[in-house]
Amino acid sequence: MRLGIFGGTFDPIHLGHLRLAEEVGEELGLERVYLIPAAVPPHKGGRPIASFQDRLVMVTLATEESPFLEPLDLEGRRPGLSYSIETLKELHRLFAPDPDLYFILGMDAFYEIETWHEYTKLFDYAHFVVIPRPGAPSEQLDTFLATLEVRFTKQEQNHLFSGPSGKELIFKQALLMDISSTNIRERVAAGKSIRFLVPRKVRTYIREKGLYGTHGIP
Ligand code: ATP
Ligand code: MG
């Protein structure tokens, strides 16, 4: 079973997330890509975030359109900080005996991987698929890989590495969309349009629930 997993705060989910999950799922021939909102993201500092429930609803509304994108609320059912390593272990139990997991993330997130809880173990449980993100320079990649505690070996195919566990590290091209949740929240707070940045149902949900300090967005 080849499954994609794509975690994030998704505050809110936007077309950059969705397009990336759709493209990677299609290109790698994955059966399904699970979008997993973090209940308590370890890296979001002190800023207030929308409730897990609201973010999960938005992910659910957003994924309705695609037959292979699906929300998964695993992290909402665990107490404490949402660590990816725990999620990976849980997915191995859920999809036992031996699911082939592809963990999808943007280059900006990958550059912070050393700050993730037990990061060296992550690569025992899943292949990692890293997608370029505007503002996260890919030229620094080789230097960055050399600083990691996990040794990756370059494979013959371009953009492919393998780790000590045999799992792969794949650098994949996808449509670059310079969209971020931060920018969307700022637009909402300023009463500006977020049309064509998020799915229509997500925009309606934000408006109806008054998320992100909206006093009425178009
Ligand atoms: P914020 O601005 O609040 O940090 P975000 O847009 O970065 O939000 P996250 O929920 O932090 O969204 O990101 C979840 C994952 O999606 C991360 O791996 C991130 O790199 C990736 N990602 C988000 N937006 C894009 C995008 N436009 N292109 C490529 N990857 C993206
Ligand atoms: Mg982010």
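Counting starts at 1 for both ligands and their atoms, in listed order. Remember, predicted model here, so these are calculated numbers, not experimental data. FYI, the numbering just counts along the sequence from 1.
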Proximal ligand 1 atoms for L105, defined as those under 4.0 Å from one of its heavy atoms: 18 (O)
For ligand 1, the portion of L20 having any non-hydrogen atom under 4.0 Å away: side chain
Aromatic plane relationship, F123 with F110 - under 30° parallel, 30 to 60° tilted, over 60° perpendicular: perpendicular
Parallel, tilted or perpendicular: rings of H17 and H14 (30°, 60°): parallel
Location of contacts on D108 toward ligand 1, heavy atoms closer than 4.0 Å: side chain
Hydrophobic cluster identity match, V33 and I170, side-chain contacts under 4.5 Å: yes
Which of the ligand 1 atoms, numbered from 1, are nearer than 4.0 Å to a heavy atom of F6: 15 (C), 16 (O)
Selection from M107, R133, H14 by shortest heavy-atom distance to atom 31 (C) of ligand 1: R133
Residue T9 vicinity, atoms of ligand 1 by number, heavy atom under 4.0 Å: 10 (O)
Atoms of ligand 1, numbered as shown, that sit under 4.0 Å from any heavy atom of G7: 14 (C), 15 (C)
Protein heavy atom at shortest distance from atom 1 (P) of ligand 1: T182 OG1, 3.3 Å
Proximal ligand 1 atoms for R47, defined as those under 4.0 Å from one of its heavy atoms: 3 (O)
Stepwise side-chain contact (heavy atoms from CB on, under 4.5 Å) test for L211 and V188: CA-CA 8 Å; L211 300 182; V188 173; over 6 Å; no
Which side-chain N or O atoms in residues 131-143 pair as donor and acceptor under 3.5 Å with protein atoms at least two apart or in another chain?
unit_1: R133; atom_1: NH1; unit_2: D108; atom_2: OD2; d: 3.0
unit_1: R133; atom_1: NH2; unit_2: I179; atom_2: O; d: 3.3

Any F161 side-chain heavy atom under 4.5 Å of L145 side chain: yes
Pairwise side-chain contact, D178 with N183, heavy-atom cut-off 4.5 Å (strictly under): no
Check residues 190-206 and write down every donor-acceptor pair under 3.5 Å in which the side-chain atom is one partner and the other belongs to a residue at least two apart or another chain.
unit_1: S193; atom_1: OG; unit_2: R195; atom_2: N; d: 3.1
unit_1: K201; atom_1: NZ; unit_2: E64; atom_2: OE1; d: 2.6
unit_1: R203; atom_1: NH1; unit_2: P218; atom_2: O; d: 3.3
unit_1: T204; atom_1: OG1; unit_2: R200; atom_2: O; d: 3.0
unit_1: Y205; atom_1: OH; unit_2: D54; atom_2: OD1; d: 2.5

Any N/O pair I104/ligand 1 closer than 3.5 Å: no
N or O contact, R185 vs ligand 1, cut-off under 3.5 Å: yes
Identity and separation of the nearest protein heavy atom to atom 4 (O) of ligand 1: K44 NZ, 2.7 Å
Between T120 and E149: side-chain donor-acceptor atoms closer than 3.5 Å: no
Proximal atoms of ligand 1 relative to M177 (non-hydrogen, under 4.0 Å): 26 (C), 27 (N), 28 (N)
Nitrogen or oxygen of G106 less than 3.5 angstrom from that of ligand 1: yes
Under 3.5 Å: donor-acceptor pair, side chain of T63, backbone of E70: no
For H17, the ligand 1 atoms whose distance to one of its heavy atoms is below 4.0 Å: 6 (O), 9 (P), 10 (O), 12 (O), 13 (O), 14 (C), 16 (O), 22 (N), 23 (C), 24 (N)
Any donor-acceptor N/O pair, S66 side chain to F68 backbone, under 3.5 Å: yes
Sub-3.5 Å N/O-N/O distance, F10 and ligand 1: yes
Ligand 1 atoms in contact with S180 (distance to a heavy atom under 4.0 Å): 2 (O), 6 (O)
